[in-house]
Visitor: 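Before anything else, here's the structure in question.
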Amino acid sequence: IDSDSSGAAEYTPRLSAGSHQLTVRAYDCFGNYTTFRRLFKVAQEGSSLEMVYCYPNPTRGSTFFTFQLPVPAEVTIRIFTVSGRSIRTIRATGLAPGYRQIYWDGRDEAGDDLANGVYLYKITMDAGGRQESRFSKIVIMR
């Protein structure tokens, strides 16, 4: 109010869990305007397994699987070929909530290096009987 160079607005909505879009249109004192849009997601109560990715990706072999845990949990990471054959399973027990990293040496269950290519991985969080999973892909380029 009464300024041609700054302003502020506050609004506290009650939103249901799921995807939403925020649109703000701001005008200056000459009637010029701009529109700002952002998509965002409201998590369900208790939250879920979030920010799942591996780094580096692509990799020359070893990588870190990273994720955010909302509660203490057991985590299982399974790596598959694109045809669905399971080639490695990594288990981490007793993980505390928060940001976590799990190292993978880029080898299969027999200890052999994987061939160049695209692989899939599934991270599963088991928190007291509540299970959530996320899928993604990793590229190996030696």
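Heads up: numbering here begins at 1 and tracks the sequence.
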Visitor: Does R134 have more than 12 heavy atoms from other residues, nucleotides or ligands lying within 6.0 Å of its CZ?
Guide: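 Above 12, so yes.
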Visitor: Measuring from E132:CD to I123:CD1, what's the distance to the nearest 0.5 Å?
Guide: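 The CD1 atom of I123 is 12.5 Å from CD of E132, to the nearest 0.5 Å.
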Visitor: With rounding to the nearest 0.5 Å, note down the distance linking OG in S133 to CD1 in I77.
Guide: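 Atom-to-atom, S133:OG and I77:CD1 are 11.5 Å apart.
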Visitor: For the residue pair S62 and Y103, what are the closest heavy atoms and their distance?
Guide: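 So the two residues come closest at CB-OH, 3.2 Å.
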Visitor: Indicate if L120 and I90 have the same hydrophobic cluster label, given that clusters are the connected sets of ILVMFWY residues with side-chain heavy-atom separations under 4.5 angstrom.
Guide: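 No, no single cluster joins them.
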Visitor: Under 4.0 Å between a Lys/Arg side-chain N and an Asp/Glu carboxylate O for R107 and D113?
Guide: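 Here R107 pairs with D113 in a salt bridge, since their nearest N and O are under 4.0 Å apart.
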Visitor: Does one side chain, of R91 or T76, offer a donor that lies under 3.5 Å from an acceptor on the other?
Guide: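 Looking only at side-chain atoms, T76 and R91 do not form any donor-acceptor pair under 3.5 Å.
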Visitor: Nearest 0.5 angstrom please: F135 CZ to K122 NZ, how far?
Guide: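 One finds 4.5 Å between CZ of F135 and NZ of K122.
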Visitor: Determine yes or no for a side-chain-to-main-chain donor-acceptor pair under 3.5 angstrom, with D108 supplying the side chain and L114 the backbone.
Guide: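 Not a single qualifying donor-acceptor pair exists.
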Visitor: Considering only heavy atoms from C-beta outward, does the side chain of V71 approach that of L69 to under 4.5 Å?
Guide: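 In short, these two side chains do not touch, never coming nearer than 4.5 Å.
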Visitor: Kindly check if the number of other-residue, nucleotide or ligand heavy atoms within 6.0 Å of OH (Y33) is above 12?
Guide: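 Open: at most 12 neighbouring heavy atoms sit under 6.0 Å from OH of Y33.
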Visitor: Does Y53 offer a backbone N or O that forms a donor-acceptor pair with the side chain of S136 under 3.5 Å?
Guide: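 The answer is no, because no donor-acceptor pair under 3.5 Å joins these two groups.
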Visitor: Examine F65 together with Y121 and report whether their ring centres are nearer than 6.0 Å.
Guide: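 When the ring centroids of F65 and Y121 are compared, they turn out to be within the sub-6.0 Å range.
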Visitor: Run the salt bridge (Lys or Arg N to Asp or Glu O under 4.0 Å) check on D105 and R88 step by step: do they pass?
Guide: CA-CA 11 Å; D105 60 9; R88 181 76 186 263; 3.1 Å; yes
Visitor: Does a side chain donor of either Q21 or T23 reach within less than 3.5 Å of an acceptor in the other side chain?
Guide: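 Checked: Q21/T23 side chains pair up, N/O donor to acceptor below 3.5 Å.
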Visitor: With a 4.5 Å heavy-atom cut-off, do V52 and T66 have their side chains touching?
Guide: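 V52 vs T66: side chains apart.
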Visitor: Return yes if some donor-acceptor pair links the side-chain N/O of N116 with the main-chain N/O of R60 below 3.5 Å, else return no.
Guide: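 The answer is no, because no donor-acceptor pair under 3.5 Å joins these two groups.
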Visitor: Would you give the length of the straight line joining atom CD of Q68 to atom CD of E50, rounded to the nearest 0.5 angstrom?
Guide: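 CD of E50 is found 8.5 Å from CD of Q68.
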Visitor: Is there side-chain contact between Y119 and I87, with heavy atoms separated by less than 4.5 Å?
Guide: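 Yes, close enough: below the 4.5 Å cut-off.
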Visitor: Looking at CZ of R25 and CZ of R37, how far apart are the two atoms once the value is rounded to the nearest 0.5 Å?
Guide: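 Rounded to the nearest 0.5 Å, the CZ-CZ separation comes to 7.0 Å.
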Visitor: Could you tell me whether R142 atom CZ has more than 12 heavy atoms of other residues or ligands within 6.0 Å of it?
Guide: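 Yes - once you tally the heavy atoms of other residues, nucleotides and ligands closer than 6.0 Å, there are more than 12.
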Visitor: Verify the cluster assignment for F80 and M125: are they in a single hydrophobic cluster under the rule of side-chain heavy atoms below 4.5 Å apart?
Guide: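 In one cluster with F80: M125, no.
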Visitor: Would the distance check show the side chain of E109 and the main-chain N or O of T89 forming a donor-acceptor pair, the cut-off being under 3.5 Å?
Guide: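 Between the backbone of T89 and the side chain of E109 there is a qualifying donor-acceptor contact (under 3.5 Å).
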Visitor: Taking the side chain as everything from C-beta on, heavy atoms only, tell me whether I102 gets closer than 4.5 Å to L95.
Guide: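 A side-chain contact under 4.5 Å exists here.
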Visitor: Taking the six-membered ring for Trp and the full ring for Phe, Tyr or His, determine whether the centres of F64 and Y55 are under 6.0 Å apart.
Guide: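 Not close enough - the centres of the two rings lie 6.0 Å or further apart.
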Visitor: Closest heavy-atom contact between T63 and C54?
Guide: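 For T63 and C54, the tightest heavy-atom pair comes out as OG1-CB, 3.8 Å.
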Visitor: Applying side-chain contact (heavy atoms from CB on, under 4.5 Å) to V139 and N57, what does each step give before you reach the verdict?
Guide: CA-CA 6 Å; V139 177; N57 187 11; 4.0 Å; yes
